[in-house]
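Written out below as structure tokens is the structure these notes cover.
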Amino acid sequence: LITDVRLRRVLDSRGNPTVEADVLTESGGFGRAAAPSGASTGEYEAIELPPSEAIAAARRHAIPRLVDEVYAGNQREVDGALRAADGTDNFSEVGANSAVAISMAAGKAGADVLGAPLYQHLGGAFRGENFPTPLGNVVGGGEHAKEATHIQEFLSAPVGAPSVSEAIFANAAVHARISEILDDRDVPAAKGDEGAWAPPISDAEAFEVVDEAVSDVEDDLGFEIGFGLDIAAAELYDEDEGGYVFGDEVKSTDEMVDYVAEMVHEYDLVYVEDPLDENDYEGFAELTERVGEQTLVCGDDLFVTNVERLQDGIDVGAANSILIKPNQIGTLSDAFDAVELAVRNNYDAVISHRSGETEDTTIAHLAVATDAAFIKTGAVQGERTAKLNELIRIADDAV
Ligand code: PGA
Ligand code: ZN
């Protein structure tokens with residue numbers, strides 16, 4: 001039985017406050033987790049409150065429903081209590097940041113009580129044997145870095161790596177190789193929020209640079225490395241401008257679909273996330289019709305880890321994969337439901353970090369527990385490597 005839930009403000013990787021939760025149980029179980037935070041957040045995400053408000057609201061409404069009431073190992077009941085305490089469908093009362101921190105901390109406490117690693121507690125004895133392929137952000141801009149590319153993320157995708165550890169090192173090697181190529185071109189490069197290079201170059205030049213780096217590392221390592229994108233197009237879309245704003249150029253929806261399809265063919269992209277605005281199911285469906293056989297078309301801001309929005313997408317063929325961010329929806333149970341609906345409809349699940357992160361490693365366990373095809377959690381930088389190194393440990397049975 002849960003005997004105490006303690007909440008506090010801690011720092012995230014951008015230096016902003018976020019919510020950390022500790023869950024303690026009667027039998028001595030302990031779990032700790034912290035909420036991440038997005039910058040290019042979707043319009044339909046669950047609501048993140050200022051951390052002090054979220055903590056106060058959770059203390060008032062949620063903790064009384066958990067302490068001496070619910071077993072930490074019963075994740076559905078924990079998450080049901082959080083939902084009941086909130087009473088809305090978007091966690092606007094308790095805050096999705098308090099909710100997700102408590103939900104994940106309870107999962108860890110439940111695992112601790114069982115003496116099992118979190119991925120095993122969440123995934124059970126019959127989960128698959130596969131490890132997710134890590135998508136590593138190596139160049140980017142958008143809302144994550146000023147004066148860089150319009151496309152938010154260029155992602156290294158080591159689809160041919162023989163092991164998760166080799167895949168993780170491959171992404172770091174692509175990241176390092178890009179630094180050399182930019183040096184050769186006399187391009188100075190700062191880093192964005194997720195540790196990707198944020199050079200002041202055009203999107204067209206970024207395609208060239210990433211393509212070259214990926215080929216070089218592929219030659220070095222001897223297995224296939226592709227690359228993909230998170231366009232985060234909702235951030236580029238401006239209704240008053242009549243389309244997607246790339247600096248001085250504005251692309252209409254049709255032009256955007258053509259552009260993305262062209263890039264998929266020219267660079268053999270293996271992954272394209274949020275290629276169109278978060279309200280444009282139709283545009284998504286048209287692009288998926290055109291390139292869905294060759295590449296993953298993934299909905300992040302489109303689906304926001306929400307089963308209703310995902311079902312709408314499935315109904316019209318809007319994509320063939322979904323990004324899963326527990327804090328977009330508020331609980332682990334909701335995130336699991338989204339993965340399950342996705343997989344039943346042949347959509348690949350991509351478990352994802354946020355641009356604002358902590359050292360928390362829950363998503364590494366979630367990716368293994370759900371047998372997800374991919375995990376997107378950066379390539380370098382401490383709050384990203386926390387998850388990547390945890391994946392290496394899980395694969396090594398050392399957790
Ligand atoms: P965010 O970006 O965490 O700033 O929303 C990540 C993403 O768009 O995938
Ligand atoms: Zn995204």
Please determine whether a side-chain nitrogen of the Lys or Arg among [X] and [Y] lies less than 4.0 Å from a carboxylate oxygen of the Asp or Glu.
| X | Y | result |
| --- | --- | --- |
| Arg76 | Asp337 | yes |
| Arg83 | Asp89 | no |
| Arg8 | Asp22 | yes |
| Glu20 | Arg6 | no |

Worksheet item: When the ring centroid of Phe154 is compared with that of Phe207, is the distance short of 6.0 Å?
Response: yes
Ignoring hydrogens, what is the shortest heavy-atom contact between [X] and [Y]? Give both atom names and the distance.
| X | Y | result |
| --- | --- | --- |
| Leu118 | Ala111 | CA-CB, 3.8 Å |
| Ala58 | Leu7 | CB-CD1, 3.6 Å |
| Lys387 | Glu359 | NZ-C, 4.4 Å |

Can a donor-acceptor pair be found between the side chains of [X] and [Y] at a distance below 3.5 Å?
| X | Y | result |
| --- | --- | --- |
| Gln381 | Glu383 | yes |
| Glu93 | His61 | no |
| Arg14 | Ser355 | yes |

Discussion item. Checking Glu282 now: which residues fulfil side chain to side chain donor-acceptor pair (under 3.5 Å) with it, not counting sequence neighbours?
Written reply: none
Item to complete: For Glu249, check side chain to side chain donor-acceptor pair (under 3.5 Å) against everything at least two apart and list the hits.
Response: Lys251
Worksheet item: Do the side chains of Asp334 and Phe336 get nearer than 4.5 Å, heavy atoms only?
Response: no
